[in-house]
Structure formats: structure tokens, C-alpha cells
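All remarks here apply to the structure that follows.
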Amino acid sequence: MSPSEVRRSSASGGVQSLERAFALLELMADAGGVTGLSELASSSGLPLPTIHRLMRTLVACGYVRQQPNRRYALGPRLIRLGEAATRPLATWARPYLTRLVAETGETANMALLDGDDAVYVAQVPSRHSMRMFTEVGRRVLPHSTGVGKALLSGLTDDEVRALLRRTGMPAATERTITTPDAFLRALRAVREQGYAVDDNEQEIGVRCIAVALPDAPTAAAISVSGPAGRLTDEAVEKLAPLLREVAAELGAALATSPDVEG
């Protein structure tokens, strides 16, 4: 959230202190979950005394904690809210993922960008005896996954570089992209073709095609994953239009759903 967006939210007719507190939490999430008061002042455009007062309240409520070095980190009470918030998302997404399984034969997933991680929030498994399984709630680094690439394709290059500096780029396999420049080139390809591919980058023998959800209220992506022998380049080309279609429908549904918006 930019300083101008913080100011606009404060003029929207809502409770100003509440809007500003949520804006600070979002800025902390954008910064990787840990930041200082001066950084928040710079990114939000709010006065330091205002930020200090809001942060004291958030600390008292358990949504932020102050570290020994005086920096602030997102607090554990947010985990409970996040887990509760993903349940309606998963319920809403299930029919769309079921359609993907029916039409592709492969396992379908939905993931969100949560801080610097991609977290899987819903899955419908393939009916094949040989199928991919990702535990709902699993968190992965975005640079080595199809959903991660799809999620990060909506960020600027500078934002992506900052995230990669925070997470590092460890190699999950010998196919994992491990340099920022190469990853940014991959993201440019994702934006051009409209989908992302994990080609044995998270696990050898597994491929995945993923698409970001346009218009969704939070950064989200859907994917289908399966054995590399079934998800060939030719299969990916055929599946891409279907995933884009389903992603557009699900993104529009989430954007207009009162259950998701609160």
C-alpha cells in the first residue's frame, strides 16, 4: 500500500485509526513481516507519533510483537485470522478445482501469496493412481514453484528482487532457478504467455502449470500438477486456455463474493 493509498483509505469515511492500523499490517507483510518505525513512516507517509501509537495498540493485542532490537514483527494472533480466512476461500474454490480435475485428469490446487511464501489453501486430487499430492497449508518459496511464479508475476521487478533477497533462492532440484536475473526473465515469459510452468523445479518428475487469478481480492493462483510424462509441453499448451478461463471465472467470483470480502 502506497502513501497515497493510505491517505485515501483515511478519507473513505471509515474509522481512520482502524484503516491506518490495517495499512501498517499490510506494509509489514510487504516488507517480509519485520520492519522498523522509520521504514513504516517512509512507506506509509504517516507521522512517526501516529505510527508509534498504532503499533503500541497492535502489540498489546498480540497482532504485532516488538523484538529485542526494537524492530516490529507480525504477531502470532494473525495466524488464527489467516487460517480462518482461508476456509471460505477454499470452499469457494472447490467447484472450480473440481472442474479442472474433471477436464485435465490432474490434481488441481489453489495457492495464495502470504508474506514471502506461497501457501496452498485448497486441493482436489487426480483420480489417477499416480498423482501429485500437496498438503493444504504447506508453505513453499515462490521461486521454485509454478504457483509462486504466477503469484510473483503481478509484482514489479524491484518488488521481486526485494522478496528474493529476503528468502534466498535455494535449489530444490538441479532444475530450480537460483539467480534473480534468470527468475525475472522467467517472470517476463509468464506475463507474455499468461501462465507459469514448474518444470521439475520443485520435485524431479513433476511438472505444474499455474495461472494467477485476475481481480481476486488477494494475490492467488490455481494450478494443475502431475507426472512430467503426462504434463508434456504439448499438454501444457492445450491446458493453458482452460486454466486461464477458470482463473478468470474464479477471480471474478471471489471479487464479488460477500463471504470472501467479509
Side-chain angles (χ1 to χ4, degrees), residues 1-90 111-119 121 137 139 141-142 148 151-152 154-168 212-213 215-220 251 254-262:
M1 180 173 286
S2 67
S4 61
E5 288 173 320
V6 174
R7 290 192 291 271
R8 283 200 300 273
S9 74
S10 298
S12 65
V15 179
Q16 186 182 70
S17 59
L18 185 60
E19 292 174 337
R20 287 176 168 178
F22 278 113
L24 293 178
L25 290 173
E26 290 187 11
L27 289 169
M28 291 181 70
D30 292 341
V34 179
T35 188
L37 290 180
S38 60
E39 295 162 70
L40 286 173
S42 175
S43 57
S44 70
L46 297 174
L48 266 174
T50 298
I51 295 173
H52 190 261
R53 184 175 65 252
L54 291 169
M55 295 301 281
R56 276 205 317 267
T57 301
L58 291 169
V59 168
C61 293
Y63 296 114
V64 171
R65 54 188 172 84
Q66 189 171 24
Q67 299 182 313
N69 62 3
R70 309 299 292 174
R71 291 171 68 79
Y72 291 87
L74 295 176
R77 289 197 71 181
L78 290 171
I79 297 173
R80 176 171 170 266
L81 296 181
E83 290 175 345
T86 60
R87 285 195 286 271
L89 279 173
L112 304 180
L113 185 62
D114 183 23
D116 290 342
D117 296 333
V119 56
V121 297
R139 308 177 75 89
L141 295 180
L151 291 167
L152 296 192
L155 303 182
T156 67
D157 284 1
D158 286 344
E159 289 171 329
V160 172
R161 286 186 184 276
L163 183 149
L164 296 176
R165 282 196 296 271
R166 293 190 296 267
T167 63
L213 271 58
D215 304 318
T218 188
L254 292 176
T256 57
S257 167
D259 292 333
V260 172
E261 293 178 350

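Here the structure is a predicted model, which means the values were calculated and not measured.
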With [X], which residues qualify under side-chain contact (heavy atoms from CB on, under 4.5 Å), at least two apart?
X      : value
Asp158 : Thr156
Ala31  : Thr35
Arg161 : Arg165, Pro180, Asp181, Leu184
Pro47  : Pro49, Thr50

Working to the nearest 0.5 Å, report the span between [atom1] of [X] and [atom2] of [Y].
X      : Y      : atom1 : atom2 : result
Leu213 : Leu112 : CG    : CG    : 9.0 Å
Leu40  : His52  : CG    : NE2   : 11.5 Å
Leu27  : Ser43  : CG    : OG    : 4.0 Å

Nearest non-hydrogen partners of [X] and [Y], listed with the distance:
X      : Y      : answer
Leu113 : Pro142 : CD1-CG, 4.5 Å
Leu151 : Ala118 : CD1-CB, 3.9 Å
Leu54  : Ser17  : CD2-O, 3.7 Å
Ala73  : Val34  : CB-CG2, 3.9 Å
Leu254 : Pro217 : CB-CD, 3.7 Å
Val160 : Leu152 : CG2-O, 3.8 Å

Open item on the list: Suppose the criterion is side-chain hydrogen bond (donor to acceptor under 3.5 Å, both in side chains): which pairs have a residue in residues 58-73, not counting sequence neighbours?
Closed with: Glu39-Arg71, Gln66-Tyr72
Task: Qualifying salt bridge (charged side-chain N to carboxylate O under 4.0 Å, His left out) pairs, either residue in residues 53-64, two or more places apart - done: none
Open item on the list: Which residues pass the salt bridge (Lys or Arg N to Asp or Glu O under 4.0 Å) test with Asp157, not counting sequence neighbours?
Closed with: Arg188, Arg191
- [ ] Evaluate the side-chain proximity of Thr218 to Asp114: yes if any heavy-atom separation is below 4.5 Å, no if none is.
- [x] no
- [ ] Determine whether Leu25 and Val64 make a side-chain contact, defined as any pair of heavy atoms from C-beta on separated by less than 4.5 Å.
- [x] yes
